[in-house]
Amino acid sequence: MIRGGVLIMVLWSAGAIAQQAPLPVASVASPGKVLAVSLRVDRDGRPEYRIERNQKVIVNWSRLGFILADAPKFERNFAVGQVKQRSFDDTWEQPWGERRYVRNHGTEMRATLDEKTGRKLIVVFRVFDDGVGFRYEFPDQPQLKQVNIVEELTEFDIAEPAAAWWIPGGEWNRYEYLYNKTPLAELSQAHTPVTLKLASGVHMAIHEAALVDYAGMWLRRVEGQRLKAVLSPSSSGPRVARTAPFVTPWRTLQIAADAPGLYLASDLILNLNEPNRLGDVSWVHPFKYVGIWWGMHLGTQTWASGPKHGATTAETKRYIDFAAANGFRGVLVEGWNKGWDGDWFATGDEFSFTEPYPDFDIVALSAYAKKKGVHLIGHHETSANIANYEKQLGPALDLYQKLGIDAVKTGYVADAGGVQARGADGRIHFEWHDGQVQSRHHLHVVEEAAKRHIAVNPHEPIKDTGLRRTYPNWVSREGARGMEYNAWGDPPNPPEHECNLVFTRMLGGPMDFTPGVLSLTGASGKRIQSTIAKQLALYVTLYSPIQMAADLPENYAKFVKPFQFIRDVPVDWADTRVLNGEVGDYVTFAREDRNSDDWYLGAITDEQPRSLTVPLGFLDAGRKYTATIYRDGADAGFAGNPASVEIETRSVSSTDTLTVQLAPGGGQAIRFAARGKK
Ligand code: NOJ
Ligand code: CA
């Protein structure tokens, strides 16, 4: 339902600006009047916006604009022209997700910025009680057809002293860094989401939504706490080249009273994306999967052909049998196709996406999987040679479609700036993983896959900006340090890592983290800094509609009891609650299964032990549940006895309160199985 109407007064007088008279301002407030955004031009005609929360400024006047390659910049000499407001309140259903229904309730202010020269730029703000999104529209106008953007002048000047959680932007390892926690005044250049805790306790995250045919935004600190957008580079000079009319991605600010509220404010990202464009998507299935994968990261198997080749017919059958016996829908097989021999990081042009190695009988294995009710998951490692990949994309996806392989994990292993793309000039150009070329490439793959009813899960991806709403077959992605760093990372992921991820990377959307390594052992016997109970809790705390059980089948055979939780836990949710949490320290989630009345709880902590009080008010009142609790044993800890786990079954109801004890680096996972009828 869309209701028209002006929610709050527009204080705008078009007259000439008197010398020191206050500048005219156009303002819009969120439905509950929690947040308000104001827009004005300064005395030089530079457009700027400001955000208040409960009447207190939290983002100071911050600039808007662009530098263009072959036209005068959009920066000064503007006046605010036509301003329109509307309110909106609609609820839409997700095909899969963290909750079934999402409410989109906010107010919009759409303002035309008139430049003295006659050019126009439009800025649109959407203001929710828990966040703000704004984007630019480049209208069709005779003076500016081809828009070549060198730099975006958007700024975010944070008004209160703040702590910041961030990873470096523009560095060689893409998004795969450990999180820094620093005063915001010490941030250099960061990827988004950047998460902030203001002195008043207000939590904020700056990110973007609907990154389509545009360069990803990094944030560079200019001075004090003033951050400025930096667009990911392009080999062709301008970082973005578009033909008007077009819109930019939304610049988003999630704003909440505390860390749980910040996480829940992420619906804003989805709300700012366009609705599903694929029509009936009943062919997109959330699923759990196993795969020929961890062995390669441990070094006991290889992607390459030879005596240690992982992707053999016999090994794949073993995984299919294991998946079928334990209720996993998918079996990922990496290293199945020709091109892995030698230095594959550097030889992406050698990958064939249609030719299996001779010891991998893809046709027989697909049929065998089908017989067992299991699906192979395809794998396309490209080493970021998208020129080679795009050339083969059609036939590669056709092959999968023919064999009933309805999900593909893609990969773009190469240093940042090392994506090899074929330019319009026919030559290879080096691009960034989050530049405009790669933003187009990802959507191209997702659209081609959708035509064949295939879901896509990119690793070394572009960041998540909520495009899963528009393209529900874009089910997950990597884009942070995942489990693989616990095999070979130096250092491996520290105990706080997942507590950081929840409130940073995960604000963008699902991550294919690949949890569940119950053996807690990386390559060469290196210890994983976790407990078994925490590995289980990750299925509830790190959302993805596809979740891997990443350990080897022979390891799961040693941990049959805790493995039961991985067998039970769903991947698609009717509802999600964040019961407590602090960025980087701990968090507790409760999620309701979309296909039953059961609830699941996951709690994780950093290196500190914790005792959390958790009221079970989320359960249906008056109903009994059988809680199966997987908790850290008394001697458990990432440095203590990580395998120590206690499993208890008891009857609970919504009036009960649990004390959730977490060991250092530990966690807790609970299944609440509903009894009787609703
Ligand atoms: C990096 C991915 O994150 C990992 O999951 C995969 O096994 C390798 N690339 C090979 O494609
Ligand atoms: Ca990776």
Side-chain angles (χ1 to χ4, degrees), residues 167 172-177 289-305 308-311 315-316 319 330-353 356-357 360 376-386 388-389 396 407-416 418-419 433-434 438 442 445 456-464 475-490 492-493 497 501 505 510-517 522-523 528 538 542 544 546-552:
I167 52 170
W172 71 272
N173 206 11
R174 308 168 306 266
Y175 302 106
E176 296 173 19
Y177 286 91
Y289 70 103
V290 291
I292 299 177
W293 180 79
W294 186 238
M296 276 86 92
H297 290 273
L298 293 177
T300 54
Q301 293 180 314
T302 57
W303 287 280
S305 62
K308 294 205 290 178
H309 188 208
E315 181 71 341
T316 307
Y319 273 80
V331 175
L332 168 72
V333 188
E334 297 197 358
W336 67 275
N337 58 322
K338 288 184 185 165
W340 290 92
D341 300 347
D343 180 10
W344 59 269
F345 276 43
T347 54
D349 55 333
E350 288 177 15
F351 279 120
S352 164
F353 300 103
Y357 278 124
F360 183 77
L376 291 181
I377 297 171
H379 187 235
H380 290 161
E381 174 57 59
T382 67
S383 298
N385 190 322
I386 65 168
N388 179 47
Y389 186 36
V408 59
K409 170 177 172 178
T410 58
Y412 297 87
V413 171
D415 286 0
V419 173
H433 281 73
D434 52 357
Q438 196 64 344
H442 280 290
V445 173
V456 183
N457 167 29
H459 278 229
E460 300 76 51
I462 195 166
K463 65 182 159 185
D464 197 335
V475 285
S476 199
R477 76 187 79 199
E478 191 194 37
R481 269 173 158 246
M483 180 62 78
E484 62 187 11
Y485 277 81
N486 291 331
W488 42 256
D490 187 16
N493 297 331
H497 183 58
L501 285 180
R505 160 68 183 79
M511 176 176 177
D512 187 37
F513 181 86
T514 70
V517 177
I528 295 181
L538 293 178
L542 297 178
S544 175
I546 61 164
Q547 289 278 22
M548 188 176 200
D551 212 338
L552 310 174

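Just follow the structure's listing: the first ligand is 1, and inside any ligand the first atom is 1.
At least one heavy atom of Lys409 sits under 4.0 Å from some atom of ligand 1. Heavy-atom distances between Phe345 and ligand 1 stay at or above 4.0 Å for every pair.
In this structure, Thr347 contributes its side chain and Asp349 its backbone to no donor-acceptor pair below 3.5 Å.
Scanning for side chain to side chain contact (heavy atoms under 4.5 Å, CB included) contacts around Thr316 gives Ile292, Ile320, Val333, Phe360, Leu365, Leu376, with sequence neighbours left out. Not counting sequence neighbours, the partners of Lys338 by the salt bridge (charged side-chain N to carboxylate O under 4.0 Å, His left out) test are Glu355.
In summary, the aromatic rings of Phe351 and Tyr389 are positioned with their centroids too far apart to meet the 6.0 Å limit. The ring of Tyr412 has its center no closer than 6.0 angstrom to the ring center of His459. Ring centers of His379 and Trp303: at least 6.0 Å apart, outside the cut-off. A centroid separation of 6.0 Å or more is found between the aromatic rings of Trp340 and Tyr357.
Against a heavy-atom cut-off of under 4.0 Å, Val413 is close to the following atoms of ligand 1: 1 (C), 9 (N). Each of the following atoms of ligand 1 lies closer than 4.0 Å to a heavy atom of Glu381: 9 (N), 10 (C), 11 (O). Which parts of ligand 1 touch Glu478 is read off a 4.0 Å heavy-atom cut-off, strictly below it: atoms 3 (O). Counting the atoms of ligand 1 from 1 in the order shown, those under 4.0 Å from a heavy atom of Glu460 are 1 (C), 2 (C), 3 (O).
Considering backbone and side-chain N/O of His297, one or more are found under 3.5 Å from N/O of ligand 1. Below 3.5 Å of separation, one finds no N or O of Trp340 facing any N or O of ligand 1. No N or O atom of Trp303 sits closer than 3.5 Å to an N or O atom of ligand 1.
For atom 2 (C) of ligand 1, the nearest non-hydrogen atom from the set His380, His379, Arg481, Glu484 comes from Glu484. Across Glu334, Met296, Met483, heavy-atom proximity to atom 6 (C) of ligand 1 is greatest for Glu334.
With values rounded to the nearest 0.5 angstrom, Gln301 atom CD is found 5.0 Å from Glu315 atom CD.
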